[in-house]
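So the structure is just underneath, and the comments pick up after that.
Letters go in sequence order (proteins before strands), and every chain restarts at 1. Fair warning: this is a prediction, and the values are worked out from it, not measured in the lab.
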Number of protein chains: 2
Amino acid sequence: MSTDLPQAHAASVPDVFDPTCSSRHALELIAGKWQMLIISALEEGPMRNAALMRRLGDVSQKMLTQTLKELERNGLVMREDKKTVPPHVEYSLSPVGRSLSETLLVLDRWAETHFGTLDAARERYDAERAK
Amino acid sequence: MSTDLPQAHAASVPDVFDPTCSSRHALELIAGKWQMLIISALEEGPMRNAALMRRLGDVSQKMLTQTLKELERNGLVMREDKKTVPPHVEYSLSPVGRSLSETLLVLDRWAETHFGTLDAARERYDAERAK
DNA sequence: CGGCATCCCCGATGATACTG
DNA sequence: CAGTATCATCGGGGATGCCG
């Protein structure tokens with residue numbers, strides 16, 4: 001489905017390195033501090049606001065709401081308000097969101113696997129500049 | 001999946017959801033606006049400062065230098081100063097950096113594949129709130 | 001050419017308190 | 001419980017000029 005949007009006219013091939021390409025925007029959408037974690041968390045199943053806060057550990061209510069709203073806006077996250085009293089809102093991944101979460105889980109595992117190497121490199125780097 | 005107990009004494013298992021775990025730090029290192037693009041670009045081979053600027057399209061000299069320095073500090077990027085006149089500095093991926101770039105390329109491809117879906121969802125979302 | 005220093009703006013992030 | 005409002009802060013990021 002080739003949308004004839006007013007992109008660059010030679011943008012027949014999507015390229016994240018093209019600043020005018022929407023794919024760049026898509027990448028920046030998940031490039032924040034909480035986006036990847038939220039999506040990874042929701043991969044475990046639908047979650048409520050409080051559950052997400054607990055899962056992420058140190059996210060503020062404001063940032064959680066704000067990021068969720070932006071993810072919902074771009075169709076990655078679905079929000080279901082059960083309209084009960086007290087409120088009950090459930091967040092879950094959309095199909096597109098799920099297609100993304102698979103890759104992000106790989107990223108998570110990369111971080112959990114290699115963080116030691118990074119820590120060591122950082123210490124070495126800092127030590128060399130301290131003297 | 002131990003979702004029933006907190007990871008108090010189970011700190012032996014790296015978890016990006018644990019704010020005190022270094023893996024979280026590793027994830028945040030690449031969560032910026034330029035990190036993923038820079039690493040993806042360097043996956044194509046060693047590059048000089050000017051070449052990177054051209055490849056990324058709209059990064060400022062300041063942010064490029066700053067991000068490269070942080071990536072080098074954490075051992076993802078290697079910097080080779082040929083110490084010639086005029087200067088010639090080449091950046092390349094370290095082995096760990098290369099292990100990361102593989103996943104990031106998948107992410108790039110995801111963005112290039114699904115950005116249309118995101119654009120459509122965003123338009124729909126905004127239209128619904130405009131009226 | 002690569003990159004550091006400086007000034008400056010603004011958005012991202014966050015702590016706190018309040019509301020339906 | 002979920003979300004908003006407010007205020008304060010921090011750092012991203014651009015512009016410019018200087019240096020080895």
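- Residue B/Gln66 is in sugar-phosphate contact alone, with no base atom involved, counting any heavy-atom pair closer than 4.0 Å across all strands shown.
- Not one side-chain nitrogen or oxygen of A/Trp34 sits closer than 4.0 Å to the OP1 or OP2 atom of C/dA12.
- Rounded to whole angstrom, the span from the CG atom of A/Asp58 across to the P atom of C/dG14 amounts to 8 Å.
- For A/Leu64 and D/dT4, the CG to C1' distance is 14 Å, given to the nearest whole Å.
- Rounded to whole Å, atom P of C/dT13 lies 10 Å from atom CD of B/Glu28.
- Taking each heavy atom of B/Trp110 and A/Ser99 in turn, the nearest pair found is NE1-OG, 2.9 Å.
- Counting non-hydrogen atoms of other residues, nucleotides and ligands closer than 6.0 Å to NZ of B/Lys82 gives a total above 12.
- Comparing A/Lys62 and A/Pro87 against DNA chain D, the residue whose closest nucleotide sits nearer the 5' end is A/Pro87.
- In this structure, the CG atom of B/Asn49 is 15 Å from the C1' atom of D/dG20, given to the nearest Å.
- In summary, A/Arg73 and B/Asp126 engage in a salt bridge, as defined by a charged side-chain N under 4.0 Å from a carboxylate O.
- The 5' end of DNA chain C is approached more closely, in terms of each residue's nearest nucleotide, by B/Ala51 than by the other of A/Ser60 and B/Ala51.
- Closest approach to the A/Met63 side chain among D/dG3, D/dG13, C/dT13 is made by C/dT13 (side chain taken as heavy atoms from C-beta onward).
- For A/Arg48, a side-chain nitrogen or oxygen approaches OP1 or OP2 of D/dA2 to under 4.0 Å.
- Summarising the geometry, the separation between OH on B/Tyr91 and C1' on C/dG2 is reported as 7 Å, rounded to the nearest angstrom.
- The CD-P distance, from A/Glu90 to D/dC1, rounds to 14 Å in whole Å.
- A straight line from CD of B/Gln61 to C1' of C/dC4 spans 10 Å, rounded to a whole angstrom.
- B/Lys69 comes within 4.0 angstrom of the backbone, heavy atoms only, and of no base.
- Proximity note for B/Val89 (side chain, C-beta onward) versus D/dG13, C/dG3, D/dG3: the nearest is C/dG3.
- If you measure from atom CE of A/Met53 to atom C1' of C/dT13, you get 13 Å, rounded to the nearest angstrom.
- Across the interface with DNA chain C, nearest-nucleotide mapping of B/Arg79 and A/Val59 shows B/Arg79 to be the residue nearer the 5′ end.
- Proximity of a side-chain donor or acceptor of B/Asn74 to a complementary backbone N or O of B/Glu70 within less than 3.5 Å is detected.
- Side-chain atoms of B/Leu93 and B/Leu42, non-hydrogen and from C-beta on, do get closer than 4.5 Å to each other.
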